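All figures in this text were calculated on a predicted structure; none of them were measured in a lab. Here is the naming used below: chain letters follow the sequence lines, and residue numbers restart at 1 for every chain.
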2 protein chains.
Amino acid sequence: MELAAKRFAENGYHPTSVAEIVEGLSVGKGVFYWYFSSKEELFTEILAGAYRDLRHRQGEAIGDASDPLVRIERGVRASMEWSVEHRDVFRLFQLAAGEARFASILRKGEKGAVSDAARHIQSAMDAGLVPRGDPILLAHAMLGVTTHLVQRHLLDGGKQVIDDAVAFCMRGVLGQPDA
Amino acid sequence: MELAAKRFAENGYHPTSVAEIVEGLSVGKGVFYWYFSSKEELFTEILAGAYRDLRHRQGEAIGDASDPLVRIERGVRASMEWSVEHRDVFRLFQLAAGEARFASILRKGEKGAVSDAARHIQSAMDAGLVPRGDPILLAHAMLGVTTHLVQRHLLDGGKQVIDDAVAFCMRGVLGQPDA
DNA sequence: AGTGCACTTGACCGGGCGGTCAACTGATGG
DNA sequence: CCATCAGTTGACCGCCCGGTCAAGTGCACT
């Protein structure tokens, strides 16, 4: 169960005890350690599942669009929508970033999303739709924008953050600076 | 002393014990608790100092430039350079983001940097140099880009990440999407 | 009703934490 | 040479954690 995710999101990884989780689930610790070999594994499992879900959502959103720019835009939008909907899980990414232990899983998941985006950017470059540049770096820049703006949105709750974020990203990959 | 910062950056907040810190400093715990009333205060102090230093560096970099766009660019560049130079301290921002306890200080420091940038963006808008929009949101977008790319740079060590990041940001605030 | 068994529980353990404070140190001045 | 004491130490305390496992529970079958 991922009420654990909520607890982690609320209090952080270390401050959330296994006792607290199993109590919330009204089960004994025994059951917990039957499903997961450790607290760390539970967290890892949640993270991995989250990335799977997010990726799936992106694929779904992109659908069969053929224009690389449309694919990028839909992917970005889907990521942000997903993050807002699953704010607890999204928060876990942040938590995991602060724990060296989880760096590798985080990196792996991030790499997946980034390389997808980078592929689309590469296509766009090949098609002459956008200026040449490092696609991976651009993908990371977009990831930075979306992540941070989702974070901000969850705190202050602006209205159309997603549209603005998408626009910012597209300008970043499309636009000529000051020719 | 902020060898503590290095330890925190390496191992995280919780896993780094006070015992470990004072041992590294070859002093007793007594001294530690004479300077700081708690581990939490130490961390808070480091964070606050870091933000002060970063802000100072930004001000220095901006100098007396009058063009708002130049001010923005210099500010962004200065932030990234500072982050790369003080990678340990930079890492602490990430750690703090994962600990609810430090959210307020983080928010405060972030707000400072963001509102500075937002002010410049506002000036640029008033001067007709960039299209109108929400300056705060744009500032946050830039912050997201820089933060994430610095992070990436520290891991993989690309070459001219900073220039690319600055360019991406400027495109984000300057450019017209696809008119 | 009695027996065995699959499954669950939560008291318990060793360990490590943040934080305290009695004991020690050595420089100072009479 | 000793008394004093500011400054420092690190053994120690209470607490709580992740993880274990003996004891308990109730169901299925005879």
Are the charged groups of B/Asp88 and B/Arg91 less than 4.0 angstrom apart, N to O?
no
Any idea which of C/dT8, C/dC12, C/dG18 is nearest the A/Val31 side chain?
C/dT8
Without placing hydrogens or testing angles, list every side-chain donor-acceptor pair under 3.5 Å for residues 93-103 of chain A, not counting sequence neighbours.
from: A/Glu99; atom 1: OE1; to: A/His14; atom 2: NE2; distance (Å): 3.0
from: A/Glu99; atom 1: OE2; to: A/His14; atom 2: NE2; distance (Å): 3.3

Could you state the atom-to-atom distance from CZ of B/Phe8 to P of C/dC17 in whole Å?
12 Å
Atom-to-atom span, CD of A/Glu20 to C1' of C/dG10 - whole angstrom
17 Å
To the nearest Å, how far apart are B/Lys29 NZ and C/dA23 P?
19 Å
Looking just at side-chain N and O atoms, do A/Glu20 and A/Thr16 make a donor-acceptor pair shorter than 3.5 Å?
no
Looking at every strand, decide which applies to B/Val27 at a 4.0 Å heavy-atom threshold: base, sugar-phosphate, or nothing.
sugar-phosphate
Checking side-chain contact (heavy atoms from CB on, under 4.5 Å) between A/Met142 and each of A/Leu137, A/Ile121, A/Val166, which is the one that passes?
A/Ile121
Pairing of B/Glu85 and B/Arg57 as salt bridge, 4.0 angstrom limit:
yes
Closest-nucleotide 5' rank along DNA chain D - winner of A/Gly30 and A/Ser17:
A/Ser17
Which residues in residues 36-45 of chain B have at least one heavy atom lying under 4.0 Å from any atom of DNA chain D?
none
Whether B/Arg71 and B/Asp116 form a salt bridge (side-chain N of Lys/Arg under 4.0 Å from carboxylate O of Asp/Glu) is what I want to check.
no
Separation of C/dG19 C1' from B/Trp34 CH2 (nearest whole Å):
18 Å
Figure out the OH/C1' separation between A/Tyr33 and C/dT8, and round it to whole Å.
16 Å
Whether A/Asp156 and B/Arg107 form a salt bridge (side-chain N of Lys/Arg under 4.0 Å from carboxylate O of Asp/Glu) is what I want to check.
no
Between B/Asp126 and B/Arg132, does any side-chain N to carboxylate O distance fall below 4.0 Å?
yes
For a 4.0 angstrom threshold against heavy atoms of chain A, report the outermost contacting nucleotides of DNA chain D in 5' to 3' order.
D/dC17 to D/dC21
So, B/Glu10 and B/Lys6, do they make that salt bridge, N to O below 4.0 Å?
no
